[in-house]
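Below, chains carry the letters A, B, ... as their sequence lines are ordered, and counting in each starts from 1.
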Amino acid sequence: MNPNMWPRPDITLWSRPFWDGVRRHELIAQRCIHCGQLRYPPGPTCNRCLSDRHDWTRLTGEGQVQSWVVFHQVYWNELATEVPYNVALIRLAEDVLFISNLVGVDHAEVHMGMPVRVVFDDVDDDLTVPRFAPTEPSTQASTR
Amino acid sequence: MANTVRVQNAVSGQVAVVGIGETDYAEDWRRARAGERYSDSYGYAQLAFRRALQDSGLHRDDIDGLVVGPTLAYERTAEVLGLDVGWASQADAAMSVIQGATALVTGQAERVALVYGNDQRTSTVQYGGPGAMGGDAYLSYVYYAPWGFTSQGGLYALMTRRYMELTGLTERALGEVAVAQRGFSSVNPNAVMRATLSIDDYLSSRYITEPLHLFDYTIINDGGVALIMTLNDDPIVRNSNRTVTIRGLGRSDLNVDATSLRPRLMDFYHTAHSKAAAELYEVSGCGPDDVDALQVYDSFSCHIPFALTGFGFCKDEDVGDFLMSGAIRPGGRLPVNTSGGHLSESYMQGWNHQVEAVRQLRHAADQRQVPNARLVQYISDVAGKVVSLIYEGSDRGAKK
């Protein structure tokens with residue numbers, strides 16, 4: 001995987017702390033100060049209690065795969081050499097849903113409930129992207 | 001919560017579709033593939049509008065209400081059609097019908113035109129990737145770009161994989177949808193895709209975003225659609241031997257956690273399906289067993305199993321068997337997308353489904369006619385909003 005070619009995130013008013021946290025190799029999420037609800041993607045207010053006061057809490061970075069797909073179609077010309085690549089839905093331990101790539105695993109090995117942990121890809125001097133790797137040993141050597 | 005008694009009293013049987021018009025999807029596809037570009041969204045819209053007017057027997061100056069689809073600018077459309085109306089709106093397919101009905105029953109308009117046009121093929125609209133269509137309205141279409149996750153197809157593929165893991169639905173069973181809809185489009189002279197498809201053809205086709213194959217994706221083509229609606233006691237209704245009315249409607253949205261895709265991925269939209277179904281069937285005074293044919297917004301084939309199970313036509317764990325029984329095919333006990341739908345007829349974002357519902361209920365669907373069709377249901381569950389309509393056809397003057 002050559003992360004340099006991947007589209008860059010749209011860093012907004014609410015998501016900037018998230019991307020700064022990732023740069024520090026921390027996976028953090030907004031937490032409502034009033035009711036404790038975590039929210040991701042980041043936004044201005046708690047949709048459960050409508051409080052707009054939040055702080056940021058560090059997540060363990062551990063979770064389980066709950067779905068996955070493999071992109072065969074090239075949607076960005078820059079990713080033509082990356083295809084086929086996977087994207088997975090990971091349910092983090094804190095019940096935050098996170099969509100990201102799985103690294104260090106063959107597509108055929110991915111399965112429901114597979115335990116994974118966040119890894120931080122330092123793409124360049126400005127950007128780090130969180131991806132996920134299996135925490136169980138692979139059954140075969142993989143090149144991706 | 002909707003007051004279904006009030007909705008039923010106000011709408012059920014009160015509003016009629018008196019005109020339908022479509023452009024020549026198949027011919028326009030051939031010309032587009034030959035590199036011709038001779039029309040645009042407004043050009044297709046005006047042709048469909050004129051055909052719907054002619055079909056209704058009304059004149060342009062009779063129209064006093066207008067709804068345009070999401071791909072048209074309202075003012076420009078009204079300018080092109082020469083319409084200075086007293087009521088207007090902009091909405092997607094099902095909501096255009098519902099809003100038009102609301103205008104009619106409240107008395108704000110007497111003859112409402114619903115108009116749609118889309119030149120997505122010849123203007124090479126991109127669905128996914130940089131500048132993904134719809135990205136300004138739906139954060140989930142663009143937020144995940146850093147991970148290469150894009151396109152509505154990607155989202156539905158992620159949903160379908162999880163659904164397959166949890167319910168046992170197989171690619172083989174899902175392939176029934178594409179095959180069945182080609183069965184209908186192959187006898188629809190206006191459909192873009194006329195060739196039949198076998199399951200082997202489906203399974204051997206390339207993956208776009210696995211587990212979804214090429215034939216699980218809607219076609220992208222140009223066209224226009226229009227409908228004309230009036231109250232059921234409008235004199236123009238007497239033009240036809242068969243009247244088609246709205247029997248019921250229902251809607252339920254899932255906006256909370258939309259971008260994280262939680263309702264889509266964890267629940268397959270079933271919470272919204274069941275709420276919309278409850279409203280719809282109460283307003284309509286009927287149930288799934290009464291439906292003769294089903295039109296489902298099929299940007300992707302997986303919408304069909306989600307809609308079938310969400311609305312109670314079968315259970316999640318049985319939907320694979322249901323599909324493989326041939327139930328949704330021509331001649332099956334619940335024909336789905338009887339014109340070929342988005343997968344095979346035309347991708348008019350649900351608008352062609354409304355026209356097909358009306359055509360079936362007029363008993364004017366030629367070789368693809370569902371025998372004795374009396375109730376046709378439409379379901380859409382895209383982008384987290386579930387909307388459903390039931391149309392009813394009856395002989396003019398027949399008592400219910």
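- Between chain A and the residues B:Gly154, B:Gly153, B:Pro130, the largest count of heavy-atom pairs under 4.5 Å involves B:Pro130.
- Residues A:Phe132 and A:Val118 approach most closely at CD2-N, 3.5 Å, considering heavy atoms.
- Side-chain contact check for B:Arg172 versus B:Met324: some heavy-atom pair is nearer than 4.5 Å.
- Residues A:Val70 and A:Val83 form no side-chain contact, since every pair of their non-hydrogen atoms from C-beta on lies 4.5 Å or further apart.
- Heavy-atom distances place the backbone of B:Tyr127, and not its side chain, under 4.5 Å from chain A.
- Inspection of the B:His303 and B:Asp298 side chains reveals no N or O donor paired with an N or O acceptor under 3.5 Å.
- Of the atoms belonging to B:Tyr207, heavy atoms from both backbone and side chain fall under 4.5 Å from chain A.
- One side chain, B:Asp222 or B:Thr122, offers a donor N or O that lies under 3.5 Å from an acceptor on the other.
- A 4.5 Å side-chain heavy-atom check between B:Val382 and B:Ser299 finds at least one atom pair inside the cut-off.
- Looking only at heavy-atom pairs under 4.5 Å with chain A, the residue among B:Ser151, B:Pro211, B:Gly129 that has the most is B:Gly129.
- Chain B forms the most heavy-atom pairs under 4.5 Å with one residue out of A:Leu89, A:Asp10, A:Val129, A:Leu127, and that residue is A:Leu89.
- The ring pair (Phe, Tyr, Trp, His ring centres under 6.0 Å) test applied to B:Phe300 returns B:Tyr156, B:Tyr217, not counting sequence neighbours.
- Looking at B:Met266, only its side chain comes within 4.5 Å of chain A, counting heavy atoms on both sides.
- If you measure heavy-atom distances from B:Ile208 to chain A, the contacts under 4.5 Å come from both the backbone and the side chain.
- Of all non-hydrogen atoms in A:Arg131 and B:Pro146, the two that sit nearest each other are NH2-O, 3.4 Å.
- Only the backbone of A:Val96 has a heavy atom closer than 4.5 Å to any heavy atom of chain B.
- Interface residues of residues 51-67 of chain A toward chain B, defined by a heavy-atom distance below 4.5 Å and sorted by number: A:Gln66, A:Ser67.
- Among residues 23-31 of chain A, no residue has any heavy atom closer than 4.5 Å to a heavy atom of chain B.
- Residues of residues 32-46 of chain A having a heavy atom under 4.5 Å from any heavy atom of chain B, listed by number: A:Tyr40, A:Pro41, A:Pro42.
- The side-chain heavy atoms of B:Tyr25 and B:Asn221, taken from C-beta on, include a pair separated by under 4.5 Å.
- At a cut-off of 3.5 Å, with distance as the only test, no side-chain donor of B:Thr167 or B:Asp316 sits close to an acceptor on the other residue.
- Looking at B:Tyr144, only its side chain comes within 4.5 Å of chain A, counting heavy atoms on both sides.
- Proximity to chain A (any heavy atom under 4.5 Å) is restricted, for B:Leu166, to the side chain, taken from C-beta onward.
- Counting only N and O atoms by type, the side chains of B:Ser198 and B:Asp201 include a donor and acceptor under 3.5 Å apart.
- Side chain to side chain, B:Asp200 and B:Ser204 fail the donor-acceptor criterion of an N or O pair below 3.5 Å.
- Residue B:Leu174 comes nearest to B:Pro305 through the heavy atom pair CD1-CG, 3.9 Å, listed as atom of the first residue, atom of the second, then distance.
- Ion pairing between a basic and an acidic side chain is recognised when a charged N comes within 4.0 Å of a carboxylate O; B:Asp92 and B:Lys385 show such pairing.
- Counting heavy atoms from C-beta outward, A:Trp76 and A:Pro7 have side chains that approach closer than 4.5 Å.
- With rounding to the nearest 0.5 Å, the separation of CD in B:Gln181 from CG in B:Asn337 is 4.0 Å.
- In summary, B:Asp28 and B:Arg30 do not engage in a salt bridge, as defined by a charged side-chain N under 4.0 Å from a carboxylate O.
- Under the 4.5 Å side-chain criterion, counting only non-hydrogen atoms from C-beta, B:Val386 is not in contact with B:Phe306.
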